[in-house]
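A short write-up of the structure that comes next.
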Amino acid sequence: MKFSKDIFYGIRDKKIIEVIESIPREVFVPENLEGSAYLDSALPIGFDQTISQPSLVAYMTQLLKLTGKENVLEIGTGSGYQTALLAKLTKKVYTIEIIEELQERAKRTLNELGMDNVFYKLGNGYDGWEEYAPFDRIIVTAAPPKIPSKLLKQMVNNGRMVVPVGGQNQFQVLKLVVKTGRGFLEKDTHYVRFVPMVE
Ligand code: SAH
C-alpha cells in the first residue's frame, strides 16, 4: 500500500480504497512533486489549479454511491485523477474542463492508463452536457457560489450530486444533493476548500 491507511478513515466502501490503490497518483502531478504524490495533500497542477487530497477524493466518491452502472458527469477534469477513480467505479464518465491545456494533459494521462469509458468536453461546466443528460450522478470539483441550476436539471430521479459551494474568502460547504420525486434534498457534509468554478 502506497498511501497510509489512516487517510481512508471513514471510507466504508472497500472497493473505493482498492481502486485508489490501483491508480498511480504520481502520473497526475508535476514531475517535481512526484515524491509527494502519496501524501494526503492537495498539490498544484499548473494554471492556479490543484489536485485534491486523496482522502477527500475518496470521501466525495463514497457520497456518490456508485454501483458500477451509472453515467457520471464530472465538472473540472483538472489532472484527471478523480476522473480515473470514477472511470474504474462506473460505466461512463462525462468530464468537462474549461482550461484546454489541462484537458489535453488529462486525456493523455487517462489514455495511457487505458481508460476508454471517459468522454471529454472543453467548455463551461455551468451548462452541463445537455446532449448526454440526464446523469445518474454529478460531481463538481471546483466551487460555485451556489448550486448551478442547469446541473440540477440534468439529474435523473434518485440521482445524486456532490458539490462544494461557496466563495474563496469564506467557508465552502461540501453538499450532497439527492433528487427525489418531491424535489431536491440537500445535506451539508464537510467544510472544504476548492478553487473557484469560474463563470
Ligand atoms: N478533480 C480535479 C481537480 C480539479 S481543480 C483533479 O482530480 O485533479 C478544479 C478544476 O476545475 C480546474 O481544472 C479548473 O480549470 C476547472 N474549472 C473551474 N471552473 C470551471 C468551469 N466553469 N467549467 C469547467 N471546469 C472548470
Side-chain angles (χ1 to χ4, degrees), residues 3 7 16 19-20 22-31 33-34 36-64 66 72-90 93-113 115 118-133 135 137-152 154 161-168 172 174 192-199:
F3 290 108
I7 75 172
I16 291 178
V19 164
I20 287 208
S22 74
I23 299 171
R25 190 166 181 257
E26 73 270 15
V27 303
F28 294 90
V29 304
E31 253 169 56
L33 293 174
E34 276 175 17
S36 306
Y38 294 94
L39 299 178
D40 192 25
S41 302
L43 296 170
I45 54 172
F47 306 92
D48 286 333
Q49 305 303 321
T50 51
I51 176 175
S52 303
Q53 65 272 38
S55 57
L56 182 56
V57 174
Y59 181 71
M60 290 173 74
T61 307
Q62 178 167 276
L63 286 175
L64 291 177
L66 298 170
V72 180
L73 175 67
E74 179 191 39
I75 310 297
T77 318
S79 69
Y81 183 68
Q82 171 79 69
T83 321
L85 248 82
L86 297 170
K88 285 208 165 188
L89 288 163
T90 194
V93 185
Y94 296 86
T95 186
I96 305 178
E97 172 56 54
I98 204 164
I99 299 178
E100 187 168 12
E101 291 88 338
L102 286 177
Q103 186 192 48
E104 287 308 314
R105 202 195 294 153
K107 233 189 237 180
R108 267 201 309 280
T109 310
L110 294 168
N111 283 340
E112 275 165 20
L113 292 174
M115 302 202 172
V118 180
F119 304 88
Y120 303 86
K121 179 177 170 182
L122 183 64
N124 193 329
Y126 283 98
D127 296 330
W129 199 339
E130 196 64 64
E131 199 182 341
Y132 295 104
F135 298 96
R137 304 288 187 266
I138 299 181
I139 179 168
V140 184
T141 67
K146 61 185 186 55
I147 302 176
S149 58
K150 284 194 184 161
L151 297 185
L152 291 171
Q154 295 184 11
M161 168 156 54
V162 175
V163 53
V165 176
Q168 290 303 295
Q172 299 165 358
L174 185 65
V192 287
R193 252 200 110 60
F194 276 85
V195 296
M197 181 163 164
V198 298
E199 300 196 53

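For ligands, and for the atoms within them, numbers begin at 1 and follow the listed sequence. Not measured: the values here are computed from a predicted model.
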Which is it for [X] and ligand 1 at heavy atoms under 4.0 Å: side chain, backbone, both or neither?
X	result
L102	side chain
V195	side chain
T83	neither
P196	backbone
Q82	both

Original post:
Looking at side-chain heavy atoms only, is the closest gap between V163 and I138 below 4.5 Å?
Top reply: no
Is there a donor-acceptor pair closer than 3.5 Å between any side-chain N or O of [X] and the backbone N or O of [Y]?
X	Y	answer
E26	Y38	no
Q172	F194	yes
E34	V29	no
E97	G125	no
R193	Q168	yes
K107	G80	no

Closest protein heavy atom (residue, atom, distance) for [atom]:
atom	value
atom 13 (O) of ligand 1	E97 OE1, 2.7 Å
atom 8 (O) of ligand 1	S79 OG, 2.6 Å
atom 1 (N) of ligand 1	T141 OG1, 3.1 Å
atom 25 (N) of ligand 1	I98 N, 3.4 Å
atom 12 (C) of ligand 1	Q49 OE1, 3.2 Å
atom 11 (O) of ligand 1	G76 CA, 3.2 Å
atom 21 (C) of ligand 1	G125 N, 3.7 Å

Original post:
Which is it for L174 and L63 under the side-chain contact (heavy atoms from CB on, under 4.5 Å) test, yes or no, and what are the steps along the way?
Top reply: CA-CA 10 Å; L174 185 65; L63 286 175; 4.1 Å; yes
Could you tell me, atom by atom, which parts of ligand 1 come under 4.0 Å of a heavy atom of [X]?
X	result
Y81	7 (O)
I51	8 (O)
N124	21 (C), 22 (N), 23 (N)
I99	15 (O)

Original post:
Does atom CD of E101 have more than 12 heavy-atom neighbours, drawn from other residues, nucleotides or ligands, at distances under 6.0 Å?
Top reply: yes
Subject >> Pick from T50, V140, V29: the one approaching atom 5 (S) of ligand 1 most closely through a non-hydrogen atom >> reply: T50
Original post:
Out of I45, D48, V198, whose heavy atom is nearest to atom 22 (N) of ligand 1?
Top reply: V198
Original post:
Any chance the side chains of Q82 and T61 put a donor and an acceptor closer than 3.5 Å?
Top reply: yes
Subject >> Donor + acceptor pair across side chains of E74, T83 (<3.5 Å) >> reply: yes
**OP:** Go through the steps for L66 and L86 under the test side-chain contact (heavy atoms from CB on, under 4.5 Å), then give the verdict.
**Re:** CA-CA 9 Å; L66 298 170; L86 297 170; 4.0 Å; yes
Original post:
Among the heavy atoms of G123, does any lie under 4.0 Å from an atom of ligand 1?
Top reply: yes
